[in-house]
Each structure stands twice: as structure tokens, then as C-alpha cells.
Amino acid sequence: MAIRVLHVATGNVGRIALSQLIEDPRFELAGLVVSSPEKVGRDAGELAGLDVVTGVAATADLDAALALRPECTVHCALGEIRLFEALDDVRKILASGSNVVASSPVPLIHPWGVLPDRMIAPIEDACRAGGTSLFVTGVDPGWVNDLLPFAIAGTCQRVEQVRCSEIADYATYDGGPVMFDFMGFGRPVGDLPKMFKPGMLAASWGVSLRMLARGFGFELDDITEWFEQEPAPEAFDVAAGHIPAGGVAAMRFQIRGVAGGREVLVIDHTTRLRGDLRPDWPQPAQDGGSYRVEIVGEPSYRVDVCPTSARGDHNYAAIASGAGRIVNSIPDVVAAPPGLRTPLDLPFNTARGVFATALAD
């Protein structure tokens, strides 16, 4: 029997996740919640960019949607710039009796050691009250920092360091709030955005580093941060807006997990708005962008992952991979015991049913 699912938000991730919920026979779309007044009343198929009529109209009333008693809610509302509101929404959904799979808030991927107990406890209380589970994931932080390293390292006799990299051109990414408000593109170099305030990189990606360490069976002694910004040589436009001359147009940052005095786990991001900027920084394995996992050990590995899509470019494909990871986890999250769940708690394989969907077509 199909799992009844409520969907929240139709932004870059949410729109793609919604399209899978509509097309995948494993799921029944019970309702759709949006925040933009112009989307209220429109059919879910239209908002997903599909040429179908679902009969499910978007609403701005989360409480009314939860009254439909969905078994699971896909929560894709932006959490980077509205953390506390997103936490409140997730808590309400869990306490109502609906399990949650989500793209945010990112710290809930593995909050222990990152968020204070006073922020974690209400989520755990809501899980107990509703008899529900929560699983938050994405791309990076997400499957690039958990599924891939564990799968590859499982073939090694020993491991000395794991490095997970995103190397991407964001010129076609139209997420203005993330690009300008959180990451600080377009600002003067040194005018630091929220992401580069002390401790923010460690908070945002430390969830993955601590979860990796736990999965490998040790604890980190420290998490350190490093970043560098590159200005635009002249003004130009990207999908999200305008980049003035001298405004930040490329950046590289690292979050490093330290144990025994060594950097053993590293997350490394190189993000450009033009491919010609900082050619000395890491280059992607395909035009536009790719992901990379490097393991120093026996044997050592360098694995490049190059997402592509028939529906869009490398940025679309990357977002689609995160959306797919979220939606495909629904059956296992619904079946899981109540509580905050991480990739260490769920079955390694969450792809059951994907081939069945393709063959059914």
C-alpha cells in the first residue's frame, strides 16, 4: 500500500522531491504546504513542473494539512536563514504523529556535539510524543559525506585520512537567499556573511564530520575552519543576481576534523561563479561541477562523482540527488523506531523500489 505523504515547500529541493512523490507509486501525495501566497490554491503537479493534475491544492496552513494524518512529511523549507522557525515546524510535525524526512535544518543530520541539548531535547520529546522518527539529509552535508566514504572505506585495510570535496560552478544556481545572504557572494571581500562567522562552518559541516568519526569508531578532538575569498575582476550577472566588480565571485573553504593531532577527516569546498577564477584551486572532473572522495590508506582512492540530469545542468542534477536521497528514505524512516535517525541508523540501501518504479513505466 502506498505511503501517505505530506510535502512542505517547493523551492529548489522541494520542487524536485515533490515531482518524485507524484510520479513514484510507492507514495500517495496527501497534501502540500507552501509559504508563498501566489502558490496557494495551485495544483501540486503544476508546482512540481509536471504536466499532470493531481487534485492536491497547495495550502499555507500546516495545521490543516497535518489533520490529513500523513504517515510521513517531506520537509524542504529553507533552514539556513530561518533555523528556529524550521526547528519549530519539524517539532510540530513530529508531535502530530507524522514521521519526517527533510533537507533542513542541516544540524539535525547529526546534532550531538553541534547543537546544545536544549535545542535537541524538544525534537526528541516530539518524536516520543508522536511515536515518530526524523531523518535529515542532503548532498553535502549529506550522502557525499556519509554513504560514499563508508562504502569506499569498507574495502580498505587501513585508513589514514578521508577528504570529501565539492567542486562546482554556482552561476546557474538561482537560490538567492543561500548565495547572497548565507554564502556572501557579491559582498566585498572581508565583509563576512553568516557562513563565515566564527564557528558557523564547523556547525554546518561538523555534523557530517562527527557522524563520520562515530561511524569509523572514534571521536574527534577538534574541528577547525579555513576559508578564502576571491573577488570578481569585473561585474557580471548569474542566475541568482548581480555580482559587482570586486564582489566575492569564488570561494574555497575547509572544515577539518582533528584526532590524535592529525587532520583525519576533511570537507573541502571550491565554489566559483565563473570557471576561469582561481585556476589553482581544485578543478571538477566534468564541466560545471563534481564531487570527490579521496582516501589515504591501503588501498588509497580518488573517486569522482559527476551527476547529470535530463532535466537540467550539473546544479540541477546535484540538487536532484539530494532530493532522491530524501524521498527514497521514507519507507525506512516510517519503519524505524521513534527518534532522531542518522545514516548510521538506517539500512545502507534505501534504493528499494527505484527500479520497480522505472520498470512500471
Kindly write out the residues that satisfy side chain to side chain contact (heavy atoms under 4.5 Å, CB included) with [X], not counting sequence neighbours, or none if the list is empty.
X      : value
Ala30  : Arg4
Asp125 : Arg128
Arg214 : His110, Trp112, Thr342, Leu344, Asp345

Would you list the pairs meeting side chain to side chain donor-acceptor pair (under 3.5 Å) in which at least one residue belongs to [range], sequence neighbours left out?
range            : result
residues 218-228 : Glu228-Arg278
residues 29-38   : none
residues 245-257 : Arg252-Asp268, Gln254-Arg256, Gln254-Asp268

Nearest 0.5 Å please: distance from the [atom1] atom of [X] over to the [atom2] atom of [Y].
X      : Y      : atom1 : atom2 : value
Phe150 : Leu212 : CZ    : CG    : 4.5 Å
Thr10  : Leu47  : OG1   : CG    : 5.0 Å
Cys72  : Ile93  : SG    : CD1   : 9.5 Å

Between Arg292 and Asp304 (salt bridge meaning N to carboxylate O under 4.0 Å), is one present in this structure?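 Asp304 and Arg292: salt-bridged.
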If two hydrophobic side chains count as joined below 4.5 Å and joins carry through other members, does Val139 share a cluster with Val305?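 The answer is yes; both residues are in one hydrophobic cluster.
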Please check if Phe227 and Trp281 belong to a single hydrophobic cluster, counting links between Ile, Leu, Val, Met, Phe, Trp and Tyr side chain heavy atoms closer than 4.5 Å.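 No.
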I need the minimum non-hydrogen distance between Leu273 and Ala171, along with the two atoms involved.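 Scanning both residues completely, I find the closest heavy atoms to be O-CB, 3.4 Å.
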Shortest non-hydrogen contact between Ser208 and Gly142, atoms and distance: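 Ser208 and Gly142 have their closest heavy atoms at OG-N, 4.1 Å.
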Quick one: list whatever passes salt bridge (Lys or Arg N to Asp or Glu O under 4.0 Å) with [X], sequence neighbours left out.
X      : value
Arg91  : Asp88
Arg69  : none
Asp276 : Arg274
Asp63  : Lys92

Side-chain donor-acceptor pairs under 3.5 Å in residues 320-327, sequence neighbours left out?
residue, atom, partner, partner atom, Å
Ser321, OG, Trp143, NE1, 3.1
Ser321, OG, Ala318, O, 2.6
Arg325, NH1, Thr350, OG1, 3.1

Please list, one pair per line, the donor and acceptor atoms closer than 3.5 Å that link side chains of residues 12-21 to other protein atoms, with sequence neighbours excluded.
residue, atom, partner, partner atom, Å
Asn12, ND2, Asp174, OD1, 3.2
Ser19, OG, Ile16, O, 2.6
Gln20, NE2, Asn328, OD1, 3.0

